[in-house]
Amino acid sequence: MPELPEVETTRRGILPHLQGRRITGVVVREPRLRWPVPEDLGRRLLGQRIEAVQRRAKYLLVRLGAGTVLLHLGMSGSLRVVPARAPSQAHDHVDIVLAHDRALRLHDPRRFGALLWCGGDPLTHPLLRPLGPEPLNDSFDGDYLYARARGRRLAVKPFLMDSQVVAGVGNIYANEALFEAGIHPGRAAGRIARARYGRLARCIKRVLEAAIEQGGTTLRDFVREDGRPGYFRNELRVYARADRPCPRCARPLRGLVLGQRATVFCPRCQR
DNA sequence: ACGAAGCCCTGCAAGC
DNA sequence: TGCTTGCAGGGCTTCG
């Protein structure tokens with residue numbers, strides 16, 4: 001399930017294949033994604049040159065002269081760069097064909113992903129405007145989290161996963177960062193001291209950066225632009241490890257559901 | 001404003 | 001073995 005590190009890994013992987021290339025074709029095999037793929041996508045993209053590929057939260061922004069393609073991978077989506085006429089597999093929903101006979105191919109079995117067109121400033125798009133700061137930016141720190149948590153009774157884990165609080169932290173990395181910071185995922189967000197938020201912010205940054213370095217986490221669907229998986233799965237300390245020994249104290253990790261998401265933590269190390 | 005629940009969808013695992 | 005059922009999961013949307 002692509003979170004920020006997987007999307008950033010994808011961005012870095014596809015960038016050299018896309019930058020400066022002209023779009024020569026668009027193939028939509030299945031328009032029914034999270035929202036329908038725009039019917040006039042081909043007309044808008046044809047002949048456009050790709051100026052940049054950026055990321056905001058878990059969205060990829062493919063910048064063209066006339067506007068921006070917004071891409072979201074949902075939870076099972078992946079992007080690959082393939083030969084332009086490579087036969088399509090099941091769930092290969094959209095191809096953006098490029099001038100050098102390659103295609104950017106969106107594959108998404110569960111179709112929770114999205115491909116949208118934005119003619120204006122994408123950062124003011126309704127999906128992007130409400131997003132909180134990027135966790136890897138300097139503006140994101142413990143003081144910011146502490147300030148946002150004032151008066152909140154919500155558990156800290158769903159608080160972290162709220163994209164309006166901080167953008168791009170999903171279930172895997174929220175579990176990992178809270179373990180690293182020694183904070184119980186069920187603790188009310190407003191009942192955590194400023195200094196502990198400082199530590200948590202640093203742990204979030206460290207976990208995300210380490211995951212990007214490993215090419216992200218592959219649990220089932222995620223692959224990079226060339227089909228390779230990410231290797232951060234080997235580094236996961238608590239996620240999907242309920243009942244197995246805590247890597248720090250060796251007592252069994254405990255699983256529970258918090259905000260309708262699988263949560264794993266160590267009752268001894270996380271308070 | 002806040003928090004909780006619903007919904008979209010498919011693959012997989014468990015149960016019969 | 002083959003079918004049915006249940007569930008996970010990001011995040012927008014709706015409800016209370």
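As the structure is a computational prediction, the values presented were derived from the model and not from experiment. Just so it is clear: chains get the letters A, B, ... in the order the sequence lines come, proteins before strands, and each one is counted from 1.
What separates CG of A:Leu71 from C1' of C:dG10 is a distance of 16 Å, to the nearest Å. In this structure, CD of A:Gln260 is placed 15 Å from P of B:dG3, rounded to the nearest angstrom.
DNA chain B is contacted by both A:Arg261 and A:Leu154; A:Leu154 maps to the nucleotide lying nearer its 5′ end (nearest heavy atom per residue).
Counting non-hydrogen atoms under 4.0 angstrom, A:Tyr239 reaches the backbone sugars and phosphates but no base. Nucleic acid contact class of A:Phe159 (heavy atoms, under 4.0 Å, all strands): none. As judged by a 4.0 angstrom heavy-atom cut-off over every strand, A:Arg34 is placed among the base-contacting residues. Contact annotation for A:Asn171: backbone-only contact, meaning every heavy-atom pair under 4.0 Å involves sugar-phosphate atoms and none involves a base.
Side-chain N/O atoms of A:Arg110 and base N/O atoms of C:dG10 include no donor-acceptor pair closer than 3.5 Å.
Between A:Ile183 and A:Tyr197 there is no side-chain heavy-atom pair separated by less than 4.5 Å.
In this structure, A:Asp226 pairs ionically with A:Arg228, as a charged nitrogen and a carboxylate oxygen lie closer than 4.0 Å. We find that A:Glu134 and A:Arg55 are joined by a salt bridge, their nearest charged nitrogen and carboxylate oxygen being less than 4.0 Å apart.
Between B:dT10 and A:Arg111, a contact under 4.0 Å exists linking OP1 or OP2 to a side-chain N or O. Proximity of A:His72 to the phosphate of C:dC12: no side-chain N or O atom is located under 4.0 Å from OP1 or OP2. Not one side-chain nitrogen or oxygen of A:Ser76 sits closer than 4.0 Å to the OP1 or OP2 atom of B:dG11. In this structure, A:Lys58 reaches the C:dG11 phosphate: one of its side-chain N or O atoms is under 4.0 Å from OP1 or OP2.
For A:Phe112 and B:dC9, the ring-to-base geometry does not satisfy the stacking test (centroid distance below 5.5 Å, interplanar angle below 30°).
Here CD1 of A:Ile50 is found 4.0 Å from CG of A:Leu18. Values are rounded to the nearest 0.5 Å.
Applying the side-chain contact (heavy atoms from CB on, under 4.5 Å) test between A:Val238 and each of A:Leu253, A:Ile172, A:Thr263 identifies A:Leu253 as the sole match. When each of A:Glu3, A:Glu176, A:Arg261, A:Lys157 is checked for a side-chain hydrogen bond (donor to acceptor under 3.5 Å, both in side chains) with A:Asn171, only A:Lys157 meets the rule.
Follow the hydrophobic side-chain contacts under 4.5 Å out from A:Leu178 and you reach A:Tyr239 in the same cluster.
Between A:Phe232 and A:Tyr173, the two ring planes are tilted [angle within 30° to 60°].
Near DNA chain B, meaning a heavy atom under 4.0 Å from it, residues 114-132 of chain A has no residue at all.
A rotation axis mapping the C1' atoms of four pairs onto the next four is fitted at both ends of the helix from B:dC2-C:dG16 to B:dC16-C:dG2 over five pairs, and the angle between these axes is 50° to 10 degrees.
Checked against salt bridge (charged side-chain N to carboxylate O under 4.0 Å, His left out), A:Arg85 has the following partners two or more places apart in sequence or in another chain: A:Asp101.
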